[in-house]
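Below: one structure, written as structure tokens.
For reference, positions follow the sequence shown, starting with 1.
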Amino acid sequence: MTRVLTVAVLLLAASTSQAREQRENCNQKAAAASGADRSEVIAQCIQRNARVTTVPPTLARMSQCNREAGEMTGEARVRFVNTCMEKTN
């Protein structure tokens, strides 16, 4: 679930020029690596940058609801998260 949230944050950040600059910076840092190593260096760099940027309130609330859902799975988790999100909207 953490990876899903990370991907959502990265996708949201990808639309800004700052994110483009961050990707270019990460690409330069990974210039010496190749293959899977290069992908890993870029992924870690982007994740580090994403943690530093401001997270929109809805995404922050979604993250909180996911943490509160804990080990729930399936439909029970979906219902819980939906109810949790509605509380603040």
Side-chain angles (χ1 to χ4, degrees):
M1 192 53 102
T2 303
R3 286 211 183 266
V4 172
L5 183 57
T6 302
V7 169
V9 170
L10 293 175
L11 288 174
L12 186 61
S15 64
T16 66
S17 62
Q18 180 183 9
R20 187 174 336 137
E21 291 172 13
Q22 289 175 352
R23 283 192 310 273
E24 290 171 2
N25 183 29
C26 291
N27 199 20
Q28 290 173 353
K29 288 181 180 180
S34 63
D37 290 336
R38 179 180 176 79
S39 297
E40 185 64 28
V41 169
I42 290 173
Q44 288 177 355
C45 179
I46 290 173
Q47 286 177 355
R48 223 176 294 117
N49 290 337
R51 284 192 293 256
V52 177
T53 61
T54 303
V55 177
T58 302
L59 213 45
R61 181 65 185 152
M62 183 178 199
S63 177
Q64 178 63 35
C65 291
N66 278 319
R67 281 193 298 274
E68 290 176 16
E71 298 296 319
M72 290 181 177
T73 59
E75 284 297 315
R77 183 182 187 90
V78 171
R79 281 192 301 272
F80 177 84
V81 172
N82 285 342
T83 302
C84 180
M85 291 294 292
E86 290 172 358
K87 289 179 184 177
T88 59
N89 291 338

For Ser63 and Arg67, test the side chains for any donor-to-acceptor distance below 3.5 angstrom and give the result as yes or no. yes
Measuring from Thr83:OG1 to Glu68:CD, what's the distance to the nearest 0.5 Å? 11.5 Å
Calculate, to the nearest 0.5 Å, the distance between atoms CG and CD1 belonging to Asn25 and Ile42 respectively. 11.0 Å
Do we see a donor-acceptor contact under 3.5 Å between the side chains of Gln64 and Arg61? no
Residues which pass side chain to side chain contact (heavy atoms under 4.5 Å, CB included) with Val81, listed by chain and number, not counting sequence neighbours: Cys65, Asn66, Ala69, Arg77, Met85
